[in-house]
Amino acid sequence: MEETNYITEEKKKALQDELNYLKTVKRKEILESLEAARALGDLAENAEYHQSREDQARQKTALHR
């Protein structure tokens with residue numbers, strides 16, 4: 001059985017603000033980072049690309065929690 005958690009209006013607003021930030025600002029930053037890393041060439045040994053992909057995965061996880 002799932003436990004019901006109650007939150008305040010302030011906490012609800014903070015969570016909505018965080019979600020909006022992740023969907024807009026952070027997503028754009030990560031996509032720009034991926035684009036710049038791809039421009040560097042060989043993706044197999046491109047640390048910037050791999051870091052950007054990890055950031056993207058963390059962001060997606062945060063969006064789905």
Side-chain angles (χ1 to χ4, degrees):
M1 186 167 137
E2 278 192 39
E3 184 178 320
T4 301
N5 293 312
Y6 298 97
I7 60 173
T8 63
E9 285 295 321
E10 292 83 16
K11 181 65 175 177
K12 180 181 174 186
K13 171 104 172 73
L15 290 171
Q16 288 173 330
D17 289 346
E18 179 184 9
L19 180 61
N20 186 50
Y21 170 77
L22 290 172
K23 285 183 170 181
T24 57
V25 176
K26 190 64 176 174
R27 180 175 283 167
K28 184 177 178 183
E29 288 174 357
I30 290 171
L31 291 175
E32 288 172 356
S33 173
L34 277 168
E35 192 174 304
R38 282 188 189 121
L40 295 175
D42 184 16
L43 300 181
E45 296 183 15
N46 187 329
E48 290 86 357
Y49 176 77
H50 292 287
Q51 182 62 49
S52 295
R53 293 290 298 181
E54 288 175 17
D55 291 344
Q56 185 180 41
R58 277 193 293 277
Q59 186 227 10
K60 284 183 179 183
T61 300
L63 286 173
H64 293 288
R65 59 182 161 126

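Nothing fancy with the numbering, it's 1 onward along the sequence.
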CG of Asn46 to CD of Gln51: how many Å apart, nearest 0.5 Å? 11.0 Å
For Leu40, what are the other residues in its hydrophobic cluster, where any two members join if their side-chain heavy atoms are less than 4.5 angstrom apart? none
Quick one: salt bridge (Lys or Arg N to Asp or Glu O under 4.0 Å) pairs with a partner in residues 12-22, sequence neighbours left out? Lys13-Asp17, Glu18-Arg65
Nearest heavy-atom neighbours spanning Leu34 and Ser52: CD2-CB, 3.5 Å
Distance, nearest 0.5 Å, that separates NZ of Lys60 from CG of Asp55: 12.5 Å
Distance check, rounded to the nearest 0.5 Å: Leu22 atom CG versus His64 atom NE2? 11.0 Å
Are Ile30 and Val25 grouped together when hydrophobic residues (ILVMFWY) are joined by side-chain heavy atoms under 4.5 angstrom apart? no
Between Gln59 and Lys23, which heavy-atom pair has the shortest distance, and what is it? NE2-N, 4.3 Å
Leu63 with Leu15, same ILVMFWY side-chain cluster at under 4.5 Å: no
